[in-house]
Amino acid sequence: FRTWRWIWRLTYLSALGGVAYIGYGIYEDRHPEPQTEPDPTKKTLVILGTGWGSVSLLKKLDTENYNVIVISPRNYFLFTPLLPSCTTGTIEHRSIMEPIRTILRQKRASVKYYEAEASSIDPDRKVVKIFDNSDIRGATAETEVPYDMLVIGVGAENATFGIPGVRENSCFLKEIGDAQLIRKKIMDCVETAAFKDQSPEEIDRLLHMVVVGGGPTGVEFAGELQDFFDEDIRKLIPDISDRFRVTLIEALPNVLPSFSKQLIEYTESTFKEEKIDIMTKTMVKKVTEQTVEAEAIGPDGKKQKIVLPYGLLVWATGNAVRPVVKDLMARIPAQKDSRRGLAVNEYLVVQGTRDIWAVGDCAVAGYAPTAQVAGQEGNFLARLFNNMAKTETLEENIRELSSSLNLKPGNAAEISRAIEDQERQLRRIKDIKPFHYSHQGSLAYIGSDKAVADVSWFNGNFATGGNLTYLFWRSAYLSMCFSTRNRLLVCNDWVKSKLFGRDVSRE
Ligand code: FAD
Ligand code: NAI
């Protein structure tokens with residue numbers, strides 16, 4: 001009995017401590033210390049983008065060491081791993097957004113932010129041309145920003161491979177606006193299918209949701225969509241529920257090519273149970289307003305043409321290089337053989353340039369284009385830049401101490417010791433190892449409260465799938481959310497959608 005009382009007391013105290021810790025964190029965020037103004041004698045560091053790479057860099061960067069300027073058309077950080085959940089209203093979109101102004105306010109020295117898109121970079125003149133592409137523009141909507149050091153973290157755009165009709169007729173899933181559009185279109189298809197006197201063929205078309213691309217984006221979206229239908233729409237509009245269909249089209253022989261074989265099989269069998277059709281070895285060749293035309297390779301190895309009528313089409317076939325990056329690559333001879341983005345060296349310096357670094361999906365460093373890689377690259381650059389600034393300070397100190405040696409010969413021994421100490425620190429700081437990516441594993445939600453995980457474990461790999469993995473998926477992503485505010489909002493959304501169902505109103 002006494003032991004239980006102690007366990008109860010300890011649990012109570014640790015819960016109280018946890019609440020106090022979170023409360024203090026929130027209080028500190030709401031009442032930040034006054035910021036110091038940037039020092040004009042310091043170097044100007046321009047950072048493009050507010051995604052995983054750039055924000056990870058900003059989080060760890062000592063902004064007192066540079067005049068930092070952030071430029072991005074998106075004035076918030078987006079937690080992309082939970083974006084598929086926003087398409088069905090499992091999570092509300094603002095729960096996974098963190099305003100960049102809030103992030104920058106936490107820095108010790110102030111940082112300038114311009115809501116703009118970089119249209120070109122001139123590495124010879126060391127300037128970035130920017131323009132305001134928002135709805136409200138002032139008299140000046142285009143200008144140039146000079147830099148001493150530049151970090152490019154502009155991510156990638158959606159790949160369409162020039163397939164006709166894709167841009168005009170499909171939805172993508174990369175930004176908040178994409179998720180909102182999908183959510184609206186799902187409900188539009190459902191309500192239009194329920195319209196009086198709708199023909200059975202039209203109901204079938206409207207309720208056929210086609211996803212192209214069997215990578216993690218396509219798989220997670222297909223799973224979320226089927227959940228939405230099974231858990232909410234089927235109950236609210238039962239008369240059309242038998243006609244709802246999700247089809248996932250993939251050009252390769254299987255979905256989730258980057259996951260281990262057993263997880264691919266597990267995902268495919270779970271999709272079969274969930275009644276999601278998977279069409280592998282099927283390449284989409286053309287898209288029209290109401291149909292998808294594809295070429296499939298049958299079991300006999302022969303090609304056959306398929307035409308699928310659809311109500312909603314979501315295109316998730318990976319990444320393509322952004323125009324600003326393409327433009328820069330064309331200006332640098334050393335980049336002429338690079339196809340997928342800016343080739344960088346082991347310190348993430350853009351090859352063929354000086355003072356330009358690249359992180360995340362726009363950089364080709366030999367790793368997959370994931371948030372995990374972008375985040376680690378951003379952290380690495382923060383360490384590198386902090387060290388570079390310290391190096392400059394130490395070198396300056398050594399120069400000053402050395403010159404004072406001649407002026408104060410009486411203090412020679414003391415000054416020599418100080419120089420030695422500074423040199424020791426300098427050697428330690430200068431010894432920065434090249435960037436090394438440490439893979440923590442891959443996670444994907446596959447619907448029906450199941451997830452798959454390929455986790456790195458003591459130099460080995462551990463593959464698992466199912467409901468417990470889903471709990472792991474949830475806790476991992478919750479802990480990775482940007483702020484306490486995001487965590488609380490995401491938790492609230494999960495509870496809300498479980499208790500009351502997802503909101504099916506069409507905004
Ligand atoms: P982004 O995060 O895309 O950020 C790019 C930034 O640059 C944005 O702020 C953008 O507005 C800005 N920008 C664009 N053009 C310009 C310009 N011309 N000038 C200035 N700024 C510009 N990865 C994982 O590891 N795990 C996951 O679970 C996962 N889930 C995902 C789910 C979805 C739906 C998607 C789409 C991706 C997911 N990813 C995941 C991949 C991950 O999101 C990307 O690899 C990651 O966002 C790359 O980070 P980044 O900083 O390079 O680019
Ligand atoms: P992807 O590049 O991983 O997959 C795209 C798929 O589309 C490929 O399998 C390709 O074969 C297929 N495809 C291309 N053209 C096609 C066509 N015409 N017809 C049919 N299929 C076609 O792209 P995705 O899923 O958008 O992911 C992008 C990056 O983001 C990846 O690196 C991925 O690992 C990462 N990501 C990670 C997630 C996670 O870890 N949970 C979630 C989402 C994305």
Side-chain angles (χ1 to χ4, degrees), residues 46-57 70-87 100 114-121 128 130-131 133 152-161 163 166 172-175 178-179 211-221 248-259 279-287 292 294-295 315-319 322-325 327 341 358-363 367-375 377-378 439-446 451-454 473 476-477 480:
V46 173
I47 299 172
L48 303 182
T50 45
W52 279 94
S54 304
V55 167
S56 307
L57 157 63
V70 178
I71 299 164
S72 174
R74 208 173 72 187
N75 80 340
Y76 56 88
F77 167 75
L78 175 65
F79 187 76
T80 45
L82 292 177
L83 190 61
S85 304
C86 293
T87 59
I100 191 70
Y114 300 129
E115 190 189 74
E117 209 175 298
S119 53
S120 67
I121 296 160
V128 181
I130 63 166
F131 71 101
N133 67 351
I152 308 174
V154 297
E157 60 177 32
N158 296 292
T160 62
F161 308 104
I163 296 171
V166 174
F172 297 107
L173 184 49
K174 209 168 210 0
E175 299 290 343
D178 299 332
V211 185
V212 182
T217 305
V219 165
E220 291 195 327
F221 172 66
L248 180 64
I249 302 179
E250 168 55 51
L252 297 176
N254 53 265
V255 297
L256 291 182
S258 57
F259 281 69
M279 296 173 75
T280 49
K281 296 188 190 164
T282 306
M283 170 89 82
V284 174
K285 297 279 186 181
K286 189 179 168 191
V287 173
V292 167
E295 199 176 78
W315 193 266
T317 60
N319 292 344
R322 284 203 191 275
V324 62
V325 174
D327 176 74
V359 286
D361 287 3
C362 66
Y367 308 109
T370 64
Q372 226 183 119
V373 171
E377 288 177 341
H439 186 60
Q440 305 297 308
S442 307
L443 284 168
Y445 180 60
I446 59 169
V452 286
D454 258 331
W473 177 89
Y477 283 166
M480 281 162 62

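Atoms within a ligand are numbered from 1 in the order they appear, just like the ligands themselves. All values below were derived from every heavy atom in this structure, side-chain atoms included, with hydrogens, water molecules and symmetry-related copies excluded.
At a 3.5 angstrom cut-off on N or O pairs, P84 does not count as close to ligand 1. Of the polar atoms of D361, at least one N or O is found under 3.5 Å from an N or O of ligand 1, judged by distance alone. The shortest N or O to N or O distance between E220 and ligand 1 is not below 3.5 Å. Checked by distance only, ligand 1 and E175 stay at 3.5 Å or farther apart across all their nitrogen or oxygen atoms. Between G53 and ligand 1, a contact under 3.5 Å exists for at least one N or O pair. On a distance-only criterion, T217 and ligand 1 share no N/O pair closer than 3.5 Å. Close N/O approach between P369 and ligand 1 is found [any backbone or side-chain N/O within under 3.5 Å].
Closest of all the heavy-atom pairs between I163 and V284 is CD1-O, 3.4 Å. Residues G360 and A374 approach most closely at CA-CB, 3.6 Å, considering heavy atoms. Heavy-atom minimum distance, G213 versus L248: O-CD1, 3.5 Å. In terms of heavy-atom proximity, A316 sits nearest to T217 at CB-CG2, 3.9 Å. When all heavy atoms of P257 and L252 are compared, the closest pair comes out as CG-CD1, 3.8 Å.
With rounding to the nearest 0.5 Å, the separation of OG in S56 from CZ in F77 is 6.5 Å. With rounding to the nearest 0.5 Å, the separation of CG in D178 from CZ in F172 is 8.0 Å. One finds the OG1 atom of T317 at 11.5 Å from the CD1 atom of I249 (value rounded to the nearest 0.5 Å). Distance check: T370 OG1 to D361 CG gives 7.5 Å after rounding to the nearest 0.5 Å. A distance of 4.5 Å separates CG of L173 from CG of L83, quoted to the nearest 0.5 Å. Taking CZ of R322 as the start and CD1 of I152 as the end, the distance is 12.5 Å to the nearest 0.5 Å.
Residues E250 and N254 fail the side-chain proximity criterion, which asks for heavy atoms closer than 4.5 Å. Using a 4.5 Å heavy-atom threshold, the side chains of V359 and L57 count as separate. When side chains are defined from C-beta on, N158 does not count as touching W315, because their heavy atoms never get closer than 4.5 Å.
Each of F161, I163, V212, G213, G214, G215, P216, T217, E220, I249, E250, A251, L252, P257, T282, M283, V284, A316, T317, G318, P369, T370, L443, Y477 has a non-hydrogen atom positioned under 4.0 Å from some atom of ligand 2.
Put simply, the side chain of Q372 gets close to the backbone of Q440: a donor and an acceptor are under 3.5 Å apart. Of the possible donor and acceptor atoms, one in the side chain of E220 sits under 3.5 Å from a partner among the backbone N and O of Y445.
Closest to atom 47 (O) of ligand 1, if we only count protein heavy atoms, is W52 CD1, 3.1 Å. For atom 22 (C) of ligand 1, the closest non-hydrogen atom of the protein is P73 CD, 3.4 Å. Among all protein heavy atoms, the one lying closest to atom 31 (C) of ligand 1 is T80 O, 3.8 Å. Considering only non-hydrogen protein atoms, atom 11 (O) of ligand 1 sits nearest to R74 CB, 3.3 Å. Distance from atom 18 (N) of ligand 1 to its nearest protein heavy atom, with residue and atom name: A118 O, 3.0 Å.
By the criterion of a heavy-atom distance under 4.0 Å, the side chain of Y477, and not its backbone, is placed next to ligand 1. Using a 4.0 Å cut-off between heavy atoms, R322 contacts ligand 1 through its side chain alone, with no backbone atom that close. At a heavy-atom cutoff of 4.0 Å, ligand 1 is contacted by the side chain of V324 but not by its backbone.
When each atom of ligand 1 is checked for a heavy atom of G360 under 4.0 Å away, the hits are 52 (O). Residue I71 approaches ligand 1 through these ligand atoms, each under 4.0 Å from one of its heavy atoms: 20 (C), 21 (N). Proximity to G51 (heavy-atom distance under 4.0 Å) selects the following atoms of ligand 1: 1 (P), 2 (O), 4 (O), 6 (C), 9 (O), 51 (O). In summary, the atoms of ligand 1 found under 4.0 Å from a heavy atom of E117, numbered by their order in the structure, are 17 (C), 18 (N), 19 (N). Interface of L173 with ligand 1, defined as ligand atoms under 4.0 Å from a residue heavy atom, comprises 34 (C), 36 (C). Close approach to T370 involves these atoms of ligand 1, each under 4.0 Å from a residue heavy atom: 23 (N), 24 (C), 25 (O), 44 (C), 45 (O).
Of the candidates P81, S72, G153, the one placing a heavy atom closest to atom 6 (C) of ligand 1 is G153. Nearest to atom 53 (O) of ligand 1 by heavy-atom distance, out of A371, G155, S54, is G155.
Ring-plane geometry between F79 and W52 is classed as tilted, the angle between the planes lying from 30 to 60 degrees on a 0 to 90 degree scale.
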